[in-house]
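This structure is a prediction, so every number in the text was calculated from the model and none was measured. Ligands are counted one by one from 1 in listed order, and the atoms in each one are counted from 1 as well.
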Amino acid sequence: MEHSWTDLERAVRGCTRCKLCGGRTNTVLGEGSREAAILCIGEGPGQQEDLQGRPFVGPAGRLLDKMLAAISLTREEVYIANVVKCRPPMNRSPEPDEIQNCLPFLRAQVGLIRPRILFLLGATAGRAVIGPDFRVTRDRGKWAERKGYHMLASFHPSALLRDQSGAWKRLAWEDLKSLRAKYDELKGEEA
Ligand code: SF4
């Protein structure tokens, strides 16, 4: 596995481990602080992300920026990545074989960043990181800890954009406040 950011960037850029390589314009490794305490993990690049080679830059990305701002964080203070680094066609969800092939890159990012918190955005990230039985409506908002990493799942911003009733947005706000509280608690422990 890749042991430096340079190796990881090179490996992802040239990756042909799964069929998503055939349709991509750019790979999208992630961006933000490489010393971040919070690693936000989404599903995969969409159209804008694929064109720009950056994560969360379309409408869902603008919402993520607002969500972070609501708890006084910026995208420069966290690191933002996805489960898969290449755009699935027609914005479908990544398939299990694609996720399995790409997960070593996410694990390498976790190993390099060593965040305190994994903030999982949506069902794909929850299933990939927490386990195959994960269900976002049932399991969001519950803290779990594994290998010293604190993990919290919430809705993907794309789902929140489709949420007509506002019910998911209200729950997402509870998750964000919980994220901020854990972040402050962990910072307090380090001080
Ligand atoms: Fe490689 Fe991941 Fe892209 Fe598949 S999605 S080609 S595993 S970088």
Partners meeting ring pair (Phe, Tyr, Trp, His ring centres under 6.0 Å) with Trp5 (sequence neighbours left out): Tyr79
Going by the rule ring pair (Phe, Tyr, Trp, His ring centres under 6.0 Å), which residues pair with Phe119 if we only count those two or more places apart in sequence or in a different chain? none
Option from Ile117, Leu39, Val110 for which side-chain contact (heavy atoms from CB on, under 4.5 Å) with Tyr149 holds: Val110
Quick one, Ile38 and Leu179 - any side-chain contact, counting heavy atoms below 4.5 Å? yes
Listing by chain and number, what protein N/O/S atoms are under 2.8 Å from atom 2 (Fe) of ligand 1? Cys102 SG
Measure the shortest side-chain to side-chain distance between Ile113 and Glu35 over non-hydrogen atoms and say whether it is less than 4.5 angstrom. no
Arg24, portion touching ligand 1 at heavy-atom distance under 4.0 Å: side chain
Could you note down all residue pairs passing side chain to side chain donor-acceptor pair (under 3.5 Å) where residues 121-138 supplies at least one of them, sequence neighbours left out? Glu43-Thr124
